[in-house]
Amino acid sequence: MTKQRNFSQNISCEEAIQRIFPYIDDYLQGTSREELEHHLETCRHCFDRVEFEKLLKSRLRKLNIQQKTNLLQKKIEAIIDKF
Amino acid sequence: MTKEEQQEFKTLVLPHLEELHRTAYHLCHVRCNAEDLVMETVTKACEKFRNLREKTKIKHWLLRILSNTFISSYRSQKGLTMVEYTETTHDDGGGFSLFAELSQPFLLWWGNPERELVNKLMDEEIQKAIGELPQEFRLAIVLCDVEGLSYDEIATMTDVPIGTVRSRIARGRSLLQKKLYHYAQDLGLIHAGRKIHDKAKEFQSEH
């Protein structure tokens with residue numbers, strides 16, 4: 001027998017928005033996650049917002065500071081050699 | 001340290017140098033201060049190395065030292081772009097959302113101005129906005145969004161409850177988006193989008 005998913009309540013957009021950050025950060029689990037995913041299946045606006053927050057998060061992940069650590073590495077090695 | 005320990009330490013630490021420097025740079029937003037922060041971190045790590053039991057977790061161990069050093073040593077230091085803040089009295093963006101501000105759900109075929117904005121923003125502009133965040137928010141955002149750490153890992157690293165981490169990330173993102181919106185306004189990146197957005201709102205209210 002297939003277990004039916006039983007959502008005790010359909011959450012509002014306001015409640016969904018409160019859960020979006022922990023959702024995209026993979027912190028939201030259990031019923032809270034299921035309720036949000038159920039909401040996202042039926043609410044285009046919240047779905048789009050989740051996609052946008054994921055996009056912005058991935059943009060931050062790709063930040064490049066064009067660092068050159070060669071000189072820093074020499075300084076670090078000098079620090080280590082003193083211990 | 002013995003010569004063998006020094007060599008082991010170098011072998012373990014140096015592969016993470018770029019990550020440490022990148023994290024430090026986003027926290028300090030000044031290259032020379034970032035280097036100082038990394039060097040102070042490594043100095044402390046040298047002192048504590050013999051106490052490190054799980055050497056496979058050295059990256060997180062180093063990031064934890066770096067985070068704590070950033071909080072404790074750099075908080076009151078002049079010359080850093082710190083914004084003093086307490087948990088209850090500060091600008092946290094007030095729940096600002098770039099998406100809510102720019103999206104045009106009723107004009108989908110006209111494009112996605114919120115996505116276009118993210119694509120147009122330069123790294124330097126985003127870094128500047130991160131650098132202006134209150135330090136607790138900045139630390140949470142850098143560790144979560146830039147370095148990709150989990151809430152649990154950030155809570156352990158920064159010695160705060162996980163609920164506080166979650167709150168700081170949410171408020172930090174809101175404030176970051178507010179700052180990015182203002183930069184984009186100043187740079188004229190969202191002018192066209194706003195005109196469309198405003199026209200669409202007018203259309204919606206008239207019909």
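Sequence lines set the chain letters: A, B, ... in the order given, protein chains first and strands last, and positions in each chain run from 1. Bear in mind the structure is a predicted one, so any value in this text is a computation, not a measurement.
- Arg61(A) contributes no side-chain N or O that, together with a main-chain N or O of Asp145(B), makes up a donor-acceptor pair within less than 3.5 Å.
- For a residue to count as touching a neighbouring chain, one of its non-hydrogen atoms must lie under 4.5 Å from one of that chain's; by this rule Leu121(B) touches chain A with the backbone only.
- Here Asp25(A) pairs with Arg173(B) in a salt bridge; the nearest charged N to carboxylate O distance falls below 4.0 Å.
- Distance check, rounded to the nearest 0.5 Å: NZ of Lys82(A) to CE of Met1(B) gives 14.0 Å.
- For the pair Arg59(A) and Asp123(B), the salt-bridge criterion is met [side-chain N within less than 4.0 Å of a carboxylate O].
- Distance CZ/Phe52(A) to CG/Leu98(B): 4.5 Å, rounded to 0.5 Å.
- Of all the heavy atoms in Ile80(A) and Gln6(B), the pair that sits closest is O-NE2, 3.2 Å.
- Going from atom SG of Cys144(B) over to atom CD1 of Ile24(A) covers 7.5 Å, rounded to the nearest 0.5 Å.
- Note that CE of Met39(B) is 6.5 Å distant from CD1 of Ile76(A), once rounded to the nearest 0.5 Å.
- Every residue meeting the side-chain contact (heavy atoms from CB on, under 4.5 Å) condition with Asp26(A), not counting sequence neighbours, appears here in chain and number order: Gln29(A), Arg33(A).
- Proximity to chain A is absent for every atom of Ser150(B), based on heavy atoms less than 4.5 angstrom apart.
- Distance check: Glu35(B) CD to Leu71(A) CG gives 6.5 Å after rounding to the nearest 0.5 Å.
- Heavy-atom proximity under 4.5 angstrom to chain A picks out Phe9(B), Lys10(B), Leu14(B) from residues 7-15 of chain B.
- In this structure, the portions of Arg115(B) lying under 4.5 Å from any heavy atom of chain A include both its backbone and its side chain.
- Contact count against chain A (heavy-atom pairs under 4.5 Å) is highest for Val118(B) among Asn119(B), Ile141(B), Val118(B).
- In this structure, a donor-acceptor pair under 3.5 Å is present between the side chains of Glu53(A) and Gln177(B).
- One distance of note links OG1 of Thr43(B) with CD1 of Ile79(A); it measures 4.0 Å at 0.5 Å rounding.
- The candidate from Ile130(B), Leu176(B), Ile162(B), Thr2(B) with the greatest count of non-hydrogen atom pairs under 4.5 Å with chain A is Ile162(B).
- Comparing Val142(B), Val42(B), Leu180(B), Ile169(B) by how many heavy-atom pairs each has under 4.5 Å with chain A, the most go to Val42(B).
- Here ring-ring contact (aromatic ring centres under 6.0 Å, His included) pairs that include residues 57-83 of chain A, with residues two or more places apart or in two chains, number zero.
- For the residue pair Leu63(A) and Arg22(B), the shortest heavy atom distance occurs at O-CD, 4.3 Å.
- Residues passing the ring pair (Phe, Tyr, Trp, His ring centres under 6.0 Å) test with Tyr151(B), sequence neighbours excluded: Tyr27(A).
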side-chain contact (heavy atoms from CB on, under 4.5 Å) evaluation trace for Phe99(B) with His45(A): CA-CA 10 Å; Phe99(B) 178 83; His45(A) 183 74; 3.5 Å; yes
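- Counting heavy atoms of neighbouring residues, nucleotides and ligands inside a 6.0 Å radius, atom NZ of Lys75(A) exceeds 12 of them.
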